[in-house]
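Comments concern the structure below.
FYI, side chains are in, hydrogens and waters are out, and symmetry mates aren't considered; it's all heavy atoms of this structure.
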Amino acid sequence: MKFTKFFIQTQKDAPSDAVLPSHQYLLKGGFVSQEGAGLYNYLPLGKMVLDNIRNIVKEELDNAGAIEVQLSFVTPHSLWEESGRSETMDKEMLRFKDRKDNSFVLSPTNEEAMVNLVRQRVKSYKDLPVNLYQINTKFRDEARPRFGILRGREFLMKDGYSFHTSTEDMIREFNLMEYTYKKIFTRLGLEFRVVQADSGAIGGSGSKEFHVIANSGEDTLVICNSCDYGANIETIFEDESEVDALNELSYEELQNKKIEQKCSCGCKLSFKKGIEVGHIFQLGDRYSAPLKAEFLNKDQRKENMQMATFGIGVSRLIAAVIEQNHDDKGCIWTKTTTPFMCEVIVSNAKKEDELNAGLKVYEELKENNISTLIDDRVKERFGFKMKDFELLGFPYAIIIGKKLQENIVEVVCRRSGEKTDVAIDEVVAFIKDKLV
Ligand SMILES: [Zn+2]
């Protein structure tokens, strides 16, 4: 892609309410733009990241045997009355009426709709188990939308729902999804922890959260320094005010807090901050009982289906990647989430030899299936282009500049800052090598 033909507008400043790095950099880099309180547009670069994440989520779920559907974003209010959540979710649900005075809700989550769909179609134990998922827009009317797309009102979520003939089979699928989620977050290049969690408003018994470790996270975790044990403090401190007090502390302040208790493995525990990006629940018959989602067992008797539900905050993951991967100059995308792997920066695009050499490298990278942006802007100075590269955060830049006379270009690694002179004929092989 050529910068001059694309749609990127970087900005010098972020709005004053943008306190988190992801909020600042995603707006400054033109990945997203704000449309209203908690409402965001995805501009081309942001959409590319969103699609990268979405594709990995879909690939791994499909591999695990889950089946994709797409439910209506608008759900009849009557469904929420049937499950009893019309009252418990209350103001988070954006309700409206159509011209015939029927009440509707913009889906904040889809347990009810999915149970409704399955109860109409699944009749026998022979039709089970089934795990249906969608990657779809959700709307929650947050009282305080903030932190950009980390806590927006409208967001993209992967929500999956599985239905079973027995608790054992439901737990089997729950474990399979835990394994699948770990694969997803690993492929996204994230440092994360799976922790025991409270079930909150969704209800049900067993539940686990997936947290991206980041100093700016809203949740406080206790994790073991040597094994993979982790817990949300909500589950280990009984006193709610103690939990609130710890959640108020910054990451730096938390590091001064010592934990007397040791992990069951015998090693030290420490506090970390996490951003919740996934949550899996064993629901049992929490929804299937009130909504009468039944099947005929082998003895032709009716039983409630056993259910589990699995969520991933797809759009929130964009912000989580940046909260974990940034510096004071801008974003540092992971290799699987970045919109472009490489940027060719033509130092002075008025010089024909520089521009042509840049275009040649650019074409060669494309031929090798390395997604590349070429900064071919004529008016912008080199320093400005470098600042944009650092803000946008693609993994590598190839700078076509002064040393072109000696057939040398400079490769910059965004994450390490390392700069390497490479012969122009060898630069594509050099980049390919880095991507293995
Ligand atoms: Zn341990």
I'd like to know if [X] and [Y] make a salt bridge, using a cut-off of under 4.0 Å between side-chain N and carboxylate O.
X	Y	answer
Glu81	Arg95	no
Lys47	Asp51	yes
Lys403	Asp421	yes
Glu59	Arg187	yes
Lys360	Glu364	no

Distance-only, no hydrogens or angles: does the [X] side chain make a donor-acceptor pair with backbone N or O of [Y] under 3.5 Å?
X	Y	result
Lys158	Leu61	no
Asp169	Thr165	no
Asp98	Lys100	yes
Asn247	Thr220	yes
Thr337	Val49	no
Thr186	Lys182	yes
Arg146	Arg151	no
Arg316	Val277	no
His23	Gly148	yes
Ser86	Gly84	no

inquiry  = Could you walk me through whether Glu111 and Thr109 satisfy the side chain to side chain donor-acceptor pair (under 3.5 Å) test, starting with their C-alpha distance in whole Å, then the side-chain angles of each, then the deciding distance to 0.1 Å, before giving a yes or no?
reply    = CA-CA 6 Å; Glu111 280 81 5; Thr109 169; 2.6 Å; yes
Worksheet item: Under the ring pair (Phe, Tyr, Trp, His ring centres under 6.0 Å) criterion, do Phe185 and Phe210 qualify, and how do the steps go?
Response: CA-CA 9 Å; Phe185 297 126; Phe210 296 76; 5.7 Å; yes
Determine whether the side chains of [X] and [Y] contain a donor N or O and an acceptor N or O closer than 3.5 Å.
X	Y	answer
Ser288	Asn304	no
Asn368	Lys432	yes
Gln196	Asn232	no
Asn175	Arg172	no
Ser22	His326	no

Any idea which heavy atoms bring [X] and [Y] closest together, and the distance?
X	Y	answer
Thr334	Gly189	CG2-O, 3.6 Å
Cys342	Ile431	SG-CD1, 4.2 Å
Val378	Lys350	CG1-CG, 3.5 Å
Ile184	Ile56	O-CG2, 4.2 Å
Gly401	Ser347	CA-CB, 3.8 Å
Lys335	Tyr396	NZ-OH, 3.7 Å

- Query: Is there a side chain to side chain contact (heavy atoms under 4.5 Å, CB included) between Ile408 and Ile424 once you walk through the steps?
  - Reply: CA-CA 5 Å; Ile408 299 272; Ile424 192 162; over 6 Å; no
Note to self: Taking side-chain contact (heavy atoms from CB on, under 4.5 Å) as the criterion, tell me which of Asn110, Val69, Leu71 meets it with Leu132.
What the structure shows: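 Running side-chain contact (heavy atoms from CB on, under 4.5 Å) over Asn110, Val69, Leu71 with Leu132 returns exactly one hit, Val69.
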More than 12 heavy atoms of other groups within 6.0 Å of [X] [atom1]:
X	atom1	answer
Gln120	CD	yes
Arg415	CZ	yes
Gln9	CD	yes
Lys351	NZ	no

Please step through side chain to side chain contact (heavy atoms under 4.5 Å, CB included) for the pair Tyr161 and Val115, ending with a clear verdict.
-> CA-CA 8 Å; Tyr161 309 85; Val115 172; over 6 Å; no
With side chains defined as the heavy atoms from C-beta onward, is the minimum distance between [X] and [Y] less than 4.5 Å?
X	Y	value
Glu390	Arg414	yes
Tyr40	Glu35	no
Glu218	Phe147	yes
Met157	Ile312	no
Ile275	Asp219	no
Ile233	Leu221	no
Asn52	Thr336	no
Phe96	Val74	yes

What verdict does the salt bridge (Lys or Arg N to Asp or Glu O under 4.0 Å) test give for Arg85 and Glu112, after you've listed the backbone C-alpha separation in whole Å, the side-chain angles of each residue and the deciding distance to 0.1 Å? CA-CA 9 Å; Arg85 275 209 290 187; Glu112 285 80 355; 2.8 Å; yes
If you round to the nearest 0.5 Å, how far is CG of Asn348 from CZ of Arg381?
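With rounding to 0.5 Å, CZ (Arg381) is 10.0 Å from CG (Asn348).
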| said: If I take atom CD from residue Glu178 and atom NZ from residue Lys183, how far apart are they, to the nearest 0.5 angstrom? | reply: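 Glu178 atom CD to Lys183 atom NZ measures 14.0 Å (nearest 0.5 Å).
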Mind telling me whether Phe340 and Phe394 have parallel, tilted or perpendicular rings, with 30° and 60° as the class edges?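 It falls in the perpendicular class, over 60°.
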(message) Would you call the rings of His279 and Phe281 parallel, tilted or perpendicular, taking 30° and 60° as the class edges?
(response)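 The rings of His279 and Phe281 lie parallel, inter-plane angle below 30°.
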As a quick check of understanding, evaluate side chain to side chain contact (heavy atoms under 4.5 Å, CB included) for Gln24 and Leu391, giving each step before the final call. CA-CA 10 Å; Gln24 294 168 356; Leu391 172 62; over 6 Å; no
>> Quick check on the 6.0 Å ring-centre criterion: do Phe31 and Trp333 meet it?
In response: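 Here the rings of Trp333 and Phe31 have centres that are less than 6.0 Å from each other.
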Could you go through Lys385 and Glu380, starting from their C-alpha distance and side-chain angles, then the distance that decides it, and tell me whether this counts as salt bridge (Lys or Arg N to Asp or Glu O under 4.0 Å)? CA-CA 7 Å; Lys385 291 179 182 178; Glu380 307 299 354; over 6 Å; no
**Prompt:** So Asp141 and Arg153, salt bridge (Lys or Arg N to Asp or Glu O under 4.0 Å) or not? Walk me through it.
**Reply:** CA-CA 6 Å; Asp141 202 357; Arg153 291 196 294 169; 2.9 Å; yes
- Mind running side chain to side chain contact (heavy atoms under 4.5 Å, CB included) on Val344 and Leu373 for me, showing each step along the way? CA-CA 6 Å; Val344 175; Leu373 179 74; over 6 Å; no
| message | Run Asp375 and Lys2 through salt bridge (Lys or Arg N to Asp or Glu O under 4.0 Å) and show every step you take. | response | CA-CA 6 Å; Asp375 194 340; Lys2 292 178 178 170; over 6 Å; no
